[in-house]
Amino acid sequence: MQAFNLQKGEMRATVSSEGGTITTFTVGGIPIIHPWSETGGKARGGIPICAPWFGSSPRASKKHGHLRDLGLNRVIANKHDHVSLAFHHPGDDAYPWSLDYVVKVGFFGARGLVLELWIKRNVDGLEEPAPILPAFHPYFSCQDANGIEVCMGSEKHRGFAMQSRTVPLLSKTVLITSPVRSISMTLGGAFTTGDSELVLWSDEVNSYACVEPVLG
């Protein structure tokens with residue numbers, strides 16, 4: 001597995017060649033994203049990309065799709081402050097549609113991180129539309145997830161638990177605040193209010209809180 005190290009000013013990020021997962025992101029040495037790690041076959045941390053589906057699927061026993069396990073197909077760009085990586089899935093028994101993915105990671109401003117996902121369907125001989133329901137799965141570093149407030153306009157949500165909670169996306173700008181920092185998450189592209197959702201979850205409330213935007 002190859003690691004791409006990005007740097008700009010006080011910002012540092014690491015991107016894995018496996019699925020384009022952001023494994024670390026710090027600003028001034030402070031971890032904004034809980035570092036990715038794998039113990040006993042269970043991976044936690046970073047910002048995995050869940051594609052082509054999020055959560056469970058009737059087509060496969062594996063949760064959160066196949067992209068996060070795909071090996072690198074090719075490097076499109078690799079600079080000190082951004083990287084663009086290509087991945088390919090030819091289709092299989094569980095998901096017969098053939099898809100190409102491009103994952104782009106870079107910085108903006110002095111404290112901003114950008115993550116983009118592009119999906120292209122290849123000619124695969126199948127008539128039916130390819131079911132695609134991707135999501136981003138950021139693990140925000142924290143000392144107490146229950147002290148975090150997720151705000152969309154005037155609506156506020158608190159409390160993270162092993163049992164995930166799904167709320168409608170009411171604004172493309174989501175404010176995630178804690179006693180020590182505030183993070184603004186801005187969603188663009190195909191994310192639409194009213195159709196897309198946020199999933200709130202944590203199984204280690206003293207380490208991270210997940211605020212996961214799921215495409216509608």
Side-chain angles (χ1 to χ4, degrees), residues 6 8-13 15 20-36 44-51 53-56 63-65 68 103-117 133-216:
L6 308 182
K8 179 184 177 183
E10 290 190 322
M11 296 184 291
R12 305 285 187 276
V15 182
T21 297
I22 298 171
T23 55
T24 65
F25 174 49
T26 64
V27 177
I30 299 173
I32 306 302
I33 295 298
H34 187 75
W36 181 92
R44 293 289 186 265
I47 310 180
I49 303 173
C50 305
W53 67 83
F54 174 80
S56 301
K63 295 184 67 174
H64 295 329
R68 59 189 179 140
V103 177
K104 300 179 180 180
V105 181
F107 299 122
F108 73 92
R111 294 174 177 267
L113 181 71
V114 178
L115 172 58
E116 296 183 9
L117 171 66
L133 187 76
F136 298 123
H137 198 316
Y139 288 73
F140 293 106
S141 183
C142 67
Q143 295 180 345
D144 181 10
N146 292 313
I148 287 179
E149 191 170 70
V150 178
C151 306
M152 292 177 286
S154 60
E155 181 158 327
K156 301 179 180 180
H157 300 276
R158 295 177 67 93
F160 291 77
M162 288 283 291
Q163 186 67 37
S164 62
R165 181 158 55 111
T166 302
V167 299
L169 180 69
L170 301 179
S171 169
K172 286 196 172 187
T173 298
V174 181
L175 189 62
I176 304 162
T177 64
S178 74
V180 295
R181 70 177 61 93
S182 294
I183 298 169
S184 178
M185 180 168 64
T186 302
L187 304 172
F191 283 103
T192 56
T193 56
D195 292 325
S196 301
E197 300 173 326
L198 291 180
V199 174
L200 312 180
W201 171 84
S202 177
D203 62 350
E204 292 187 23
V205 294
N206 296 323
S207 297
Y208 49 74
C210 297
V211 181
E212 310 157 35
V214 184
L215 201 66

Below 3.5 Å, can you tabulate the donor-acceptor pairs from side chains in residues 204-216 to any protein atom, sequence neighbours excluded?
{"unit_1": "Glu204", "atom_1": "OE1", "unit_2": "Ser207", "atom_2": "OG", "d": "3.4"}
{"unit_1": "Tyr208", "atom_1": "OH", "unit_2": "Asp203", "atom_2": "OD1", "d": "2.4"}

Reported OG1-to-CG distance for the pair Thr166 and Leu198, which is rounded to 0.5 angstrom: 9.0 Å
Over 12 non-hydrogen atoms of neighbours within 6.0 angstrom of CZ in Arg111: no
Where Glu155 and His157 come nearest, the two heavy atoms and their spacing: OE2-NE2, 2.8 Å
More than 12 heavy atoms from other groups under 6.0 Å of CD on Gln143: no
Value rounded to 0.5 Å, distance of CZ in Phe160 from CZ in Arg158: 9.5 Å
Nearest atoms (heavy-atom pairs only) where Pro31 meets Thr26: CA-CG2, 3.8 Å
Side-chain touch Ile49/Leu115, heavy atoms, less than 4.5 angstrom: yes
His137 (side chain) donor-acceptor with Ile47 (main chain) under 3.5 angstrom: no
Residue pair Phe54 / His64, side-chain heavy-atom distance below 4.5 Å: yes
Validation row: Ile22, Ile33 side chains within 4.5 angstrom (heavy atoms): no
Shortest non-hydrogen separation from Ala51 to Leu117 and the atoms involved: CB-CD2, 4.3 Å
Polar side-chain atom of Arg165 near backbone of Gly159 as donor-acceptor pair, under 3.5 Å: yes
Interatomic spacing from CG in Leu169 to CG in Leu187 - rounded to 0.5 Å: 6.0 Å
Between CD on residue Gln163 and CH2 on residue Trp201, distance to nearest 0.5 Å: 11.5 Å
Close side-chain approach of Leu170 to Thr193, heavy-atom, < 4.5 Å: no
Nearest heavy-atom neighbours spanning Pro35 and Thr24: CB-CG2, 4.2 Å
Whether Lys172 side chain and Phe191 backbone form a donor-acceptor pair below 3.5 Å: yes
Spacing of Asn146 atom CG and Ser178 atom OG [to the nearest 0.5 Å]: 12.5 Å
N/O donor-acceptor pair under 3.5 Å between Lys63 side chain and Trp53 backbone: no
Pairwise distance CD(Glu149) to OG1(Thr177) - rounded to 0.5 angstrom: 5.0 Å
Over all atoms of both residues, closest heavy-atom pair of Ser141 and Arg181: O-NH1, 3.5 Å
Distance flag, aromatic centroids of His34 and Phe140, threshold under 6.0 Å: no
